[in-house]
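Any value given below was found using the heavy atoms of this structure, including those in side chains, with hydrogens, waters and symmetry copies removed. Order of the sequence lines sets the chain letters (A, B, ...), proteins ahead of strands, with each chain counted from 1. Being a predicted model, the structure only gives us computed values, none of them experimental.
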Amino acid sequence: MRDDQATATAPLFREVPTQPDYRALEAEILDFWKRERVFERTQERDGPEFVFYEGPPTANGQPALHHVLARSFKDLFPRYKTMRGYHVTRKGGWDTHGLPVEISVEKKLGLLGRNHGASREELEEFNRLCRESVWTTIQDWNYFTERLGYWVDLGDPYVTYTNDYIESVWNLLRRLWDRGLVERDYKVVPLSPRISTTLSKAELGEEDSYQWVDDPSVYVRFPVKPETTPDAVRAALTGQGVDLASLDGLALVVWTTTPWTLPSNTMAAVNPELTYVVARSPMGPVIVAEDAVERLSALRPKEAPLEVLARLRGRDLEFWGYQQPYPDVVKDLGVEGRSTAHSDGEDAGSAPRMHFVALADFVTADDGSGVAHEAPVYGAEDLELSRRYGTPLVFGTDDHGRMTVTHEKGQFFKDADKGLIRDMKDRGLMYHAGTIHHRYPFHDRTGDPILYFAKPSWYVRTARMSGRLVEENEKINWVPANIKHGRFGKWLEGNVDWAISRERYWGTPLPFWMAEDGSDVVCVGSVRELSELAGRDLEGLDLHRPYVDDVTFERGGKVYRRVPEVLDVWFDSGSMPYAQWHLMQDPDGEVVSGGEQFQKHFPADFICEAIDQTRGWFYSLHAISTLLMDQPAYRNVICLGHIVDEHGKKMSKSKGNVVQPLPMFDRYGADSVRWYMFTASEPGDQKRFSERLVGEAQRGFVNTFYNVYGFFNLYANIDRPDLTNAPAVSERPEIDRWLLSRLEETKRDVTDGLERYDARRAARALERFTDDLSNWYVRRNRRRFWRGGASGAESAGRADSAAAYATLHEALVTVAKLAAPFTPFLADVVYRDLARVTDPQAPESVHLCAWPEFDPARHDERLVREMDAVLRVVDLGRAVRGQHNLRARQPLPKVLVRARTADDTAALGRLRDQIAEELNVKDVELLDPYASVVSYTLRPNLPVVGRTYGKQVPLLKQALAEADTAAVARAVRDGQNFTVSAEGHDFHLTPESVLVDARSPQGLAAAEEGGDLVAFDTTLTRDLVLEGLARDLVRAVQDTRKKAGFDVSDRVRLALDLHGDTLEAARAWQDLITSETLAHDLSYGPADGYEAESDVEGGRVYLHRVG
RNA sequence: GCGGGAGUAGCUCAGCUGGUUAGAGCGCACGCCUGAUAAGCGUGAGGUCGGCAGUUCAAGUCUGCCCUUCCGCACCA
């Protein structure tokens, strides 16, 4: 009857092979998306805007595993928000400027580290190659992006090298300029001296550039000028009975490892928190840190050790003037550089301009004398200090590392040390000259020591806006939260000015035109403005070097030329909220272009990149928007950890441990790789990637989902249930309503997780549900699916089957929707196959569907709790059977159960059929929670009693241990208060304040865990033994069917050649055996010519397919 | 050196505002189950929750110091 229908018509649903071919399924979905323009349709649909920014990758590198991570997350939330009815513009973007591009071209040309600005032609060619090189791997990127299922509009991306983009960036710089936030100032950069080339961090290399070398370690006397002695010092000395006048020749002992910088000295720095001493030394009275006294004594072991005369606080030494060893230098140079005092450096007015003691936290007494020599043009921290004190800059070398002062003039800086040391010795200024073995950086290409050197640079004055940056950061939701006040927050607090210029070639040219005498700078805010200045139409001019450098103009009788530097690429990427729409504003703030799109897409609701962007993109976005828009550029940000190999090592080409993403997609499917990314660890934590773990992720969710889907289709195609006519939920069995309640919970939990940008929490809820679905619901209800409820009363069986199909169908379709943002391929496979049976109007793709909303009315919390008790008891029961070697197929007469609470135990009674079937027992009996077979132990309910009894808890424990457990158990059962006592102290307790645990009854196969208890009556009757054997037989026949490759709906003729008990069991349970195994008829004795046969305990079975 | 993260079973990781006997998955051994599932279930071995102090009736959880490791920033007189 049913069989005939089934074979006569095409299957309702896709026939799902047992072995999933995810690669093929995903290819099919990709094809469908493309054909039906599914992504495009989400872009065309209306809805409130959820703003997402694509952090631009550099297209000239290969897409790698960390891009899978980032892009999985970048895809997840926009897909989710789209299903919630938002419109999410997903404009792609490419970072195209900067050093990586330059280096790749240099490598190709074999011109590493060369100066490409040598000639106009060379630069033109170089930049042309850079522009091309940007797109060398674009095909790989396009394929990779599609294959991962990352929906982003690559047809209309923003590209940072386009004229429009550059012009917008100029416009932003101009707006900063107009606010007085752009300035030229010195910056200490690492220089490869002989070739006078500024090195980037990449070129400086990681560890290789630091080498162990012997350098001078010199202690120099800087005699103080008595008339400048600070009052605090005078007072302190007087207080300690030391007469300043008696300290003839009193000198600071200053330490340095770079004697060649001494001519450039402008300050001596002490730590304000340290204690300094005035001490008698072999070279007269000296000032050093107290903690350095012994070290200095040891330097001259043959002479008397230092004798401390007085102690001084470091902070009191400030502004004490001294005589530096090369006072003439300043005169000779006429003092290069202006005062760089900040407006807040008030003290600078009355104090000497240089050669005095300054206070600096970075000074320690761990090495040297505790007094640091400061030559600010040769150190970043020193330059910072110099700014604070407003001292002039004194250059003792040129930018090729040649000395420009003293008798060492013309010498390479490192070679000047010797002469200077000798000179100072001769002049009696050298307290001690030794050597130190330490690490110093070298340029690996030239072999020269690095020269840290102050060069003019362009800055955005972010440091003075630090407070604002911190304030605006408060409005950002960081995932993980610690980044907000940790890595990012700390970085903002200690913010230094943003050096935006680079002495490079391929980048956004700085739009600064400088008068030839350096007296004036014009910041150009648009091409039109530049055209006006230049007096010719520059529309269409390539805004890159060298073309833009050709543009000069005259103003006030002076010729203006563009400064040579290009812009830091981070400024490029941080400009994307504006430049991706070619936002342009007039100097008066009037929007000229891009305003509408910009308004709609600012700020971002969500961005996501890896943690290395805290000082990169996350910062540049934040800095620019805080300075110009007075608000953050993004509201939520996920900051991902890095991916390392399975041993925790960084993946690198040289180590050969790089995992390519594409083979992973092919082997496991993009869905499984994505699922791994979402669930493997907290997003901010580092991930140890291994293929094995992708396989685990696959088994954890993807396979389970797929298998349940396959199960549904297998039987639905046989039974052809009418899913449009499902029984009302209230009419369905408890287990169906349980599943649907769990489904509601899952909707709620997945939604909550995603709303909090907690992908892992959401994924876990989904994983838990599919596990319940597969390993409890489907397994428990298998019979309701096969043979359409043919057993039992016909109509009742059919209704029951319909309920099961409807329930499972709904669960699968809903899981598909919930999973859609995570595993977009499989979700669409399942959805497209199943959803439209019940709703012909349903959208074609799951990604066009509305998000499933939690419906409290369908959530029966009590039922979930009760079923949970059943699950626990069944698990426990199975454990007991295992422990006592009670085969599951052997029916047992009775199980005694009790759950941890009275309510749960009552629920076990209501759901006893589930338990009986699952544990294969004839009867389920609720164990009276306080039955006499059971003994008890008492535990205090600590969260309850801890609050009220506090320190008395140990005594209470003792009281419970000594109490009459049976009496307490009775009281608790009856809800009565009771009293226990110890050491004369009475505790009057409520039933809630104590936990009563049952002990496994003696003589029964039993186990107890967490208050749940299960005990089996193991008395076997002859009938039970035979039934067990019959079930073994069924199982054996099924196994034979399966091994013979029979279809699940094939009817068979069955012959059994058995003896002994097995034969008797077969005869007794003949109906069960034939109905369970779809046997038309059953004969006994050996049979010939059957298709399948196999040995079983007690004989042999023969099978023949019929029909 | 400074800042941040991490340290829980052989591996990958959970463990909420302190609370009862610290868990899951994988792997291993043994067993069970299986007519959807290359799945599933159970038992066992395997833990000084990185270490030491402290706070508390009670610490994997809070505080301090230290160790290891990863990341970032420095490398400095």
Side-chain angles (χ1 to χ4, degrees), chain A residues 16 18-19 210 254-258 261 268-269 360 362-364 366-369 371-375 378-382 438-441 452 480 482-483 486-488 490-491 494 611-612 614-615 641-642 644 646 648 650 679-682 684-688 690 692-693 695-696 699-700 703-704 706-715 760 764 771 774-775 778-779 782 785-786 875 878-883 885-889 939-947 949-957 995 997 1009-1010 1034-1035 1037-1039 1041-1042 1046-1049 1076-1078:
Chain A
V16 179
T18 314
Q19 279 310 295
Y210 277 83
V254 171
W255 183 59
T256 181
T257 58
T258 55
T261 63
F362 59 77
V363 176
T364 71
D366 300 343
D367 299 295
S369 61
V371 184
H373 146 67
E374 293 294 312
Y378 301 113
E381 274 182 327
D382 315 73
H438 69 165
R439 277 153 35 97
Y440 194 87
Y452 288 94
N482 65 284
I483 307 283
R487 188 173 287 210
F488 195 67
K490 293 267 159 58
W491 161 250
I611 191 160
D612 51 352
T614 37
R615 268 135 201 199
H642 285 125
V644 295
E646 55 189 316
K650 209 165 152 179
T679 56
S681 66
E682 286 299 321
D685 286 353
Q686 190 179 69
K687 281 184 181 51
R688 290 194 175 197
S690 78
R692 209 190 77 241
L693 293 171
E696 266 184 41
R699 282 195 295 280
N703 278 351
T704 311
Y706 178 90
N707 286 331
V708 175
Y709 162 62
F711 171 87
F712 177 87
N713 283 18
L714 179 63
Y715 290 104
R760 199 175 188 205
R764 280 218 184 121
D771 187 58
S774 174
N775 290 316
V778 171
R779 197 168 48 77
R782 269 185 295 218
F785 291 93
W786 70 66
D875 273 349
R878 282 199 284 243
V880 174
R881 290 192 80 121
Q883 277 165 356
N885 264 327
L886 302 165
R887 295 176 7 260
R889 262 181 260 112
R939 286 179 297 150
N941 190 359
L942 285 174
V944 174
V945 300
R947 231 156 267 141
Y949 293 99
K951 291 192 192 219
Q952 296 177 319
V953 166
L955 195 58
L956 174 59
K957 277 183 177 164
L995 299 169
D997 295 322
E1009 183 177 287
V1034 168
R1035 151 85 190 126
V1037 175
Q1038 304 290 36
D1039 200 44
R1041 284 182 58 117
K1042 195 177 182 181
F1046 290 5
D1047 208 70
V1048 290
S1049 56
E1076 285 292 307
T1077 62
L1078 293 189

Rounded to the nearest 0.5 Å, how far does NE2 of A/H642 lie from CZ of A/R688?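 A/R688 atom CZ to A/H642 atom NE2 measures 15.5 Å (nearest 0.5 Å).
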Is a side-chain N or O of A/T704 found less than 3.5 angstrom from the main chain of A/S774, in a donor-acceptor match? no
Does [X] reach a base, just sugar-phosphate, or nothing at all? Heavy atoms under 4.0 Å.
X	answer
A/G379	nothing
A/N703	nothing
A/L995	base
A/T704	nothing
A/V16	nothing
A/R878	sugar-phosphate
A/Q952	nothing

d([atom1], [X]; [atom2], [N]) in whole Å:
X	N	atom1	atom2	answer
A/N775	B/U34	CG	P	15 Å
A/R889	B/C32	CZ	P	9 Å
A/L693	B/C11	CG	C1'	8 Å
A/R760	B/U12	CZ	P	13 Å
A/R692	B/G10	CZ	P	14 Å

Using purine N1 to pyrimidine N3 plus N6-O4 or O6-N4 for Watson-Crick, or N1-O2 and O6-N3 for G-U wobble, each under 3.5 Å, what pairs with [N]?
N	answer
B/C62	B/G54
B/G3	B/C71
B/G47	none

Polar side chain donor-acceptor pair, A/D771 to A/N775, under 3.5 angstrom: yes
Just by distance, with hydrogens left out, do A/H438 and A/T257 show a side-chain donor and acceptor under 3.5 Å apart?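 No pair is found: no donor N or O on one side chain lies under 3.5 Å from an acceptor on the other.
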Any idea which of B/C41, B/G25, B/A36 is nearest the A/E696 side chain?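 My answer, after comparing the listed nucleotides, is B/G25.
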Report yes if the distance between the aromatic ring centroids of A/F711 and A/F785 is under 6.0 Å, otherwise no.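 Yes.
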Between the protein and nucleotides 68-71 of chain B, list the N/O to N/O atom pairs that are separated by less than 3.5 angstrom.
residue : atom : partner : partner atom : Å
B/C70   : O2'  : A/Q686  : NE2          : 2.5
B/C71   : O2'  : A/R487  : NH1          : 3.2
B/C71   : O2   : A/R487  : NH2          : 2.5

Under 4.0 Å: is that the gap between some side-chain N or O of A/R782 and OP1 or OP2 of B/U34?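 No, no such contact exists.
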Could you check whether the side chain of A/T18 and the base of B/A36 have a donor-acceptor pair of N or O atoms closer than 3.5 Å, going by distance alone? no
